[in-house]
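All remarks here apply to the structure that follows.
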Amino acid sequence: MKSSAELRTIFLDYFRRQGHEIVPSSPLVPANDPTLLFTNAGMVQFKEVFLGREARTYDRAASSQRCVRAGGKHNDLENVGYTARHHTFFEMLGNFSFGDYFKREAIGYAWELLTEVLKLPPERLWVTVFKEDDEAANIWLRGIGVSPERFSRCGAEDNFWSMGETGPCGPCSEIFYDHGPEIAGGPPGSSEQEGDRYTEIWNLVFMQYDRDKEGRLSPLPRPSVDTGMGLERLAAVMQGVHNNYDIDLFRHLIAAITALPGVQNQEQTSLRVIADHIRSCAFLIVDGVQPANEGRGYVLRRIIRRAIRHGHVLGLRDPFFYHLAQPLVQEMGEAYPELVRLQSQVERVLKLEEERFNETLEQGLKILEQDIIHLSDGVIPGETIFRLYDTFGFPVDLTADIARERKLSLDMKGFEQAMARQRERARAASRFSEEYSAEELQINLETEFIGYEQLCAKGQVVALFC
Ligand code: ATP
Ligand code: MG
Ligand code: MG
Ligand code: MG
């Protein structure tokens with residue numbers, strides 16, 4: 001059985017043999033790119049190269065990129081613990097062509113690696129292309145000989161990839177693995193796709209355009225290739241398990257959590273959420289993010305607090321999260337020496353944050369329980385959400401996470417109104433420039449709402465979980 005670490009090496013070695021430069025992972029905080037919260041794909045460090053604004057000494061590259069998807073355009077925070085395939089932190093294996101090869105070679109490499117090097121049975125692999133992309137369809141059906149039964153054309157939602165609201169983008173072709181009939185879920189492109197039976201493992205993006213602020217597409221100087229395959233999803237396939245959280249790395253992390261003193265139960269979702277979150281939190285700290293009340297730091301704080309709350313579900317009452325840095329270093333330290341170097345800093349930051357939140361968590365949970373008992377409509381009132389947020393430091397997504405477990409929804413409109421009233425009060429009370437305090441609060445509000453736009457628009461919590 002191949003370990004995650006071995007699979008990373010197999011991938012990079014394969015592309016080295018195909019003339020690719022192996023480029024180290026860039027940090028999670030993108031350099032000089034305010035359009036992006038965190039590095040969310042392997043192509044991020046090559047954005048300027050795709051746009052033709054930066055030249056490299058190579059025109060094909062491969063990497064294993066650490067990624068975080070917990071805010072902004074790609075946000076999987078709400079999926080963690082609920083799907084078999086999503087993490088906030090994951091590693092994306094990728095190969096890239098900067099105006100060198102295009103669709104034919106990209107598809108050929110992916111197919112060869114999966115079916116010949118890794119020896120996956122072709123009848124387990126399903127393929128999609130963008131519905132207008134006849135060229136890619138021809139390559140798959142005629143060139144590779146994929147069965148039309150396992151091939152479909154999809155719309156822009158799934159098969160037109162963009163890094164963010166602006167920047168490089170293009171049609172893509174995705175490869176899925178069929179985990180078998182014992183797992184729920186319909187084939188790619190079908191209406192009953194819910195479930196993880198057919199898991200997307202690799203996305204081949206044919207970078208052709210640059211999208212500007214107005215949404216207009218202009219052709220890139222040289223059509224390029226950007227691919228991304230989740231290492232953890234590949235590991236699940238190669239290790240014969242149907243859930244990413246059952247791969248070697250996560251089994252070890254989950255074992256470390258269950259071994260913590262004070263653990264009272266084995267609640268699956270909480271174990272998985274914590275195992276996921278220690279990775280994103282540790283790596284964000286390694287890459288220089290500190291818990292804060294706004295921006296990237298607030299996303300980190302939200303993830304830490306979610307992890308602590310899930311620890312509470314397991315019965316843990318004392319700071320525990322920072323103890324997981326050690327098992328994480330054991331799993332990933334070899335591939336990421338910076339994690340080893342900064343382990344004690346990670347522990348310090350997490351412990352401090354845990355101590356702070358522990359002061360209000362218990363009390364806040366009590367308030368919430370009291371308010372929940374009296375609910376007749378299954379909707380947590382905006383005032384409660386606001387009080388938890390304002391007095392007890394519960395980020396809204398944390399309250400939403402609890403609501404989800406209880407099958408309750410949130411009155412987000414009421415929350416917004418309570419928030420607006422608070423802003424009014426702060427403005428009235430401010431002795432300083434009015435503009436200044438309003439502006440400050442605005443920043444907080446915006447950060448708080450990363451990922452909640454849909455939630456607020458629809459006024460119910462369900463939208464969070466799409
Ligand atoms: P999905 O549809 O499953 O959410 P995606 O289409 O959003 O995946 P891409 O943006 O195409 O994913 O990213 C390329 C690859 O990265 C995916 O094919 C998958 O293998 C992996 N990947 C994406 N998001 C995650 C995640 N949250 N956790 C683990 N792996 C991921
Ligand atoms: Mg996704
Ligand atoms: Mg997808
Ligand atoms: Mg995809």
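Counting starts at 1 for both ligands and their atoms, in listed order.
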* To do: Please report the shortest heavy-atom distance between Asn159 and Phe130, naming the atom on each side.
  => O-CB, 3.4 Å
Show every donor-acceptor pair shorter than 3.5 Å between a side-chain atom in residues 112-120 and any protein atom, with sequence neighbours excluded, or say none if there are none.
residue, atom, partner, partner atom, Å
Glu112, OE1, Tyr14, OH, 2.5
Thr115, OG1, Trp111, O, 2.6
Lys119, NZ, Glu116, O, 2.8

* For Arg56, does the CZ atom have more than 12 heavy-atom neighbours from other residues, nucleotides or ligands under 6.0 Å away? -> yes
* Residues forming a side-chain contact (heavy atoms from CB on, under 4.5 Å) with Ala5, sequence neighbours excluded -> Ser3, Arg8
* Structure fact -> Protein N/O/S atoms closer than 2.8 Å to the Mg ion (ligand 4) number 2
* Asked: How would you list, by chain and number, every residue that makes a side chain to side chain donor-acceptor pair (under 3.5 Å) with Asp226, sequence neighbours excluded?
  -> none
* For the side chain of Glu232 and the backbone of Glu91, is there at least one donor-acceptor N/O pair under 3.5 Å apart? -> yes
